[in-house]
Amino acid sequence: MSRRMKRFVFSTVCTLLILVTGLAGGILFLRYENKKDQSKKKPDALLTEYVSSLQNADYGTMYGMLDQQSQLNISLEDFTARNKNIYEGIEAEDIKAEITGVDLKDEEAAVTYQMSLNSLAGEISFSNQAVFKKEKKAGYKLEWNDSMIFPELTKTDKVKVVTDKAERGNIYDRNGFLLAGKGTASSVGLVPGKMSQDSGKDVEKLGELLSISPENIQKKLSAGWVKEDSFVPLKTLKKADDFKLQSEHASEEDKKNKELQDQLLTIPGVLITDTSVRSYPLGEKGAHLIGYVQNVTSEDLEKHKGEDYLTDSVIGKSGMEGLYEKELKGTNGRTIFIADASGNSKKKLAVKPRTDGADITLTIDSALQSTIYDAFQEDKSCSVAMNPHTGEILALVSTPSYDDNDFILGMPADKWDSLNNDERKPLYNRFRQKFAPGSSFKPITAVVGLGSGAIDPNEDYGSTGLSWRKDESWGNYYVTTLHDSSPLNLENAFIYSNNIYFAKAALKIGYDDFMAGLDKLGFNQPLPFEISVAQSQYSNSDRIESEVQLADSGYGQGQMLVNPVHLAALYTMFTNEGNVIQPVLKAEQNAAPNVWLQGACSAENASLVREDLIQVVSSEHGTGHTIMRSDIKLAGKTGTAEIKASKGDTTGTELGWFSVFTADPDTKSPLLLISMVEDVKNRGGSGYVVRKDKLILDSYLPVQ
């Protein structure tokens, strides 16, 4: 290395040493100045700093402000745990301290202050005093003990929170019948002290009967809290109701349940006791409507953080239970208090009374709901019943169904698999879906055509037999119908349900006016209804794209899909001078009907279509004549929709529809009923649905 290079290296090293030395000196100086500044802080400023650190849960900084004796009395670890457990346990927020006085003495200062904070039981506010002692060099330090947290708190005390759980609200029907609320089930369990000496075989038999593994039963029996006289619950079953069992209508399920419980009681140590559960008296008759609750999951707790759910809370999962969860759940009560070493309450810090969940009354008529279910329980169907003048939903039924009580009691895996694998889809809620409406849609086409002026109700479209196509551009595709009539005017087209008439009518209306008319009637938009239902459509794309599709749409085929609740709402225009009434499920006292679509059609056109629908029932040729009654004027429309994979498909199935309503405004029990049944091919088509609805109408509508 050259002499010049050696001099350069030496110079560089010296420079670095000077910089490092200076930096170190600067740091030491800053630390000295910081300690010097800290030692000069006044007691009130120190308390403000202490509270600021508490607000940020900076327990280490808080501990560093304690005097030497306080730090000897409690370690940093214990100090942190004590403060953290109390403040976080009561969910303390918005912690504030307002200094009200400072009393300075020679080497000591007392700072009085007003403390306030929000907790899960409400606001906690109190006066307190902090004592600071002056130490050499360090300045004022806090003399800490547990009373700094709450004035009455001592080292051996605990801060406890007691929860008073809110009662979930009930759901009632319009007549006060319970749809969801408190019920009684049978809790099956074991009392260890009463088990036989050869309990292994008993546990195996018990496990087999309850579909629980013996290992799971033994695990529950070996829990730390279990004593000889403890009742160890294993499973909850439906209560074996002796009154029902003695009835001639006792179900096979009830009989099997009774037999099971009798077998269980032969095992030594088994005890069956009543337990309170959420109950659904309608069971499968109302499951798709009422829904069910289940215990919250970790995902539920995360999703609903801050909404007062406990680890053992329940939450509505479907139907009305889910829809009105906020109203039904209520708010838990809380009491925060200081307890002494014996657990006795010394001081209540905050009390928040519980607020039970609100009761919900629906417009549903349970008797009608049950009648409809009984009529269609073997079918894949859905029905909507409503008051056509008020929009009140009287029944919403989907079949087949499931028993929502099973979700409360704990559904066995094999039953869950059976429900999911059932080809009839009992878990599928059909009244929320959309289906091809068939001829039940024809009154809507008539309303659109009359409103646009394209349909003259007296015009005779001329007989074309039972099949028709516009021209050769349609190829081999023909519109077919089951009945011809002469003249082929609007009234006869309704009576005989002539598809050809309504195909021609749709072509006369034209693409744009037909789609605009349907848009005006709520197609391709959400239905204003408590339950979210599928939006009705007239095409799989944004428009009707061909003449054939337009013609088919006129009689409810093509790509036309309609939600049953929407269709029921549209039928209300025929009893309300052209206004469509909004469907409603929640009962409100003295609530006036809510018009959804004002002037959906003119009063004149509504009356004209209504009179034609009356003829569908009263005329001996009418497709709905089966339900005619001499005491009540009824109007209706049948519908059969073909479900095909292609236009040439001959193996497709059929949907059967029937829409019927009381046409006299003075009817004692006004009713609009729309029912849809899948797979009616070779079962009478829509006639099958008409016969079922007749049973319902005869049961619900009293002789007048």
Side-chain angles (χ1 to χ4, degrees), residues 162-168 170 180-242 244-245 253-281 283 292-298 300-301 309-317 321 329-330 332 402-416:
V162 173
T163 301
D164 185 11
K165 292 183 184 179
E167 294 280 350
R168 190 173 181 84
N170 297 327
K182 273 188 176 180
T184 304
S186 295
S187 179
V188 180
L190 281 169
V191 179
K194 294 185 178 181
M195 295 174 67
S196 67
Q197 291 184 348
D198 188 13
S199 60
K201 289 184 178 180
D202 290 340
V203 167
E204 283 189 16
K205 182 179 179 183
L206 184 58
E208 185 179 338
L209 290 171
L210 293 177
S211 299
I212 303 174
S213 69
E215 293 77 18
N216 196 359
I217 295 175
Q218 293 290 4
K219 184 179 179 181
K220 291 185 178 184
L221 288 171
S222 60
W225 61 271
V226 176
K227 298 177 182 178
E228 285 293 292
D229 59 349
S230 298
F231 174 73
V232 183
L234 299 176
K235 192 167 186 176
T236 305
L237 303 175
K238 289 182 181 177
K239 187 172 176 60
D241 192 322
D242 290 331
K244 281 186 178 180
L245 289 165
E253 187 177 7
D254 288 335
K255 292 175 183 177
K256 286 181 180 179
N257 184 35
K258 171 64 173 169
E259 183 180 331
L260 170 62
Q261 294 191 33
D262 287 343
Q263 285 182 277
L264 290 167
L265 289 172
T266 65
I267 300 173
V270 168
L271 180 64
I272 300 178
T273 184
D274 287 350
T275 185
S276 293
V277 294
R278 189 75 166 171
S279 176
Y280 303 108
Y292 55 88
V293 297
Q294 284 188 310
N295 290 327
V296 292
T297 62
S298 55
D300 291 325
L301 292 173
Y309 286 98
L310 308 173
T311 54
D312 60 347
S313 292
V314 296
I315 187 170
K317 288 293 185 179
E321 289 278 38
K329 71 181 285 289
N332 297 316
Y402 62 92
D403 190 345
D404 38 8
N405 291 291
D406 289 336
F407 284 92
I408 302 299
L409 302 175
M411 188 179 295
D414 58 344
K415 189 163 189 176
W416 175 246

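Note: hydrogens, waters and symmetry copies are ignored here, and every other heavy atom, side chains too, is used.
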I'd like to check E259 versus Q263 (side-chain heavy atoms, cut-off strictly below 4.5 Å). Are they in contact? yes
Flag side-chain contact, heavy atom, 4.5 Å: S211 against K235: yes
Quick one: pull up OG in S187 and CG in L234 and give me the separation to the nearest 0.5 Å. 8.0 Å
Look at atom NZ of K220 and say whether more than 12 heavy atoms of other residues, nucleotides or ligands are closer to it than 6.0 Å. yes
Side chains of D404 and I408 in contact at under 4.5 Å (non-hydrogen atoms): no
Could you work out, with ring-ring contact (aromatic ring centres under 6.0 Å, His included) as the rule, every residue matching Y402, not counting sequence neighbours? H288, F407
Could you walk me through whether D403 and Y292 pass the side-chain contact (heavy atoms from CB on, under 4.5 Å) check? CA-CA 10 Å; D403 190 345; Y292 55 88; over 6 Å; no
Measuring from atom CG of L260 to atom CG of L237, what distance do you get when rounded to the nearest 0.5 angstrom? 5.5 Å
So how far is it from L221 CG to K219 NZ, rounded to the nearest 0.5 Å? 12.5 Å
Rounded to the nearest 0.5 Å, what's the gap from CG on L209 to OG1 on T266? Could you check? 7.5 Å
Any carboxylate oxygen within less than 4.0 angstrom of a Lys/Arg side-chain nitrogen, looking at K258 and D254? no
D300 and Y309: side-chain contact (heavy atoms from CB on, under 4.5 Å), yes or no, with the steps? CA-CA 9 Å; D300 291 325; Y309 286 98; over 6 Å; no
Heavy-atom donor-acceptor pair, N405 side chain to Y280 backbone, under 3.5 Å: yes
Going by side-chain contact (heavy atoms from CB on, under 4.5 Å), K205 matches just one of L210, L264, V270, I267. Which one? I267
With sequence neighbours excluded, what pairs up with A185 under the side chain to side chain contact (heavy atoms under 4.5 Å, CB included) test? T236, T275, V277, L409
Please name the pair of heavy atoms, one in S230 and one in P192, separated by the smallest distance, quoted to 0.1 Å. O-CD, 3.2 Å
Heavy-atom closest pair, residues S186 and Q261: OG-OE1, 3.7 Å
Suppose the criterion is salt bridge (Lys or Arg N to Asp or Glu O under 4.0 Å): which pairs have a residue in residues 267-278, not counting sequence neighbours? K239-D274, R278-E321
Would you check if K238 and D406 make a side-chain contact, meaning some heavy-atom pair closer than 4.5 Å? yes
Between S196 and P268, the two heavy atoms sitting closest are N-CB, 3.8 Å
Report the distance from atom CG of L271 to atom CG of L190, rounding to the nearest 0.5 Å. 9.0 Å
Modelled atom types, side-chain donor and acceptor of D202 and S199, under 3.5 Å: no
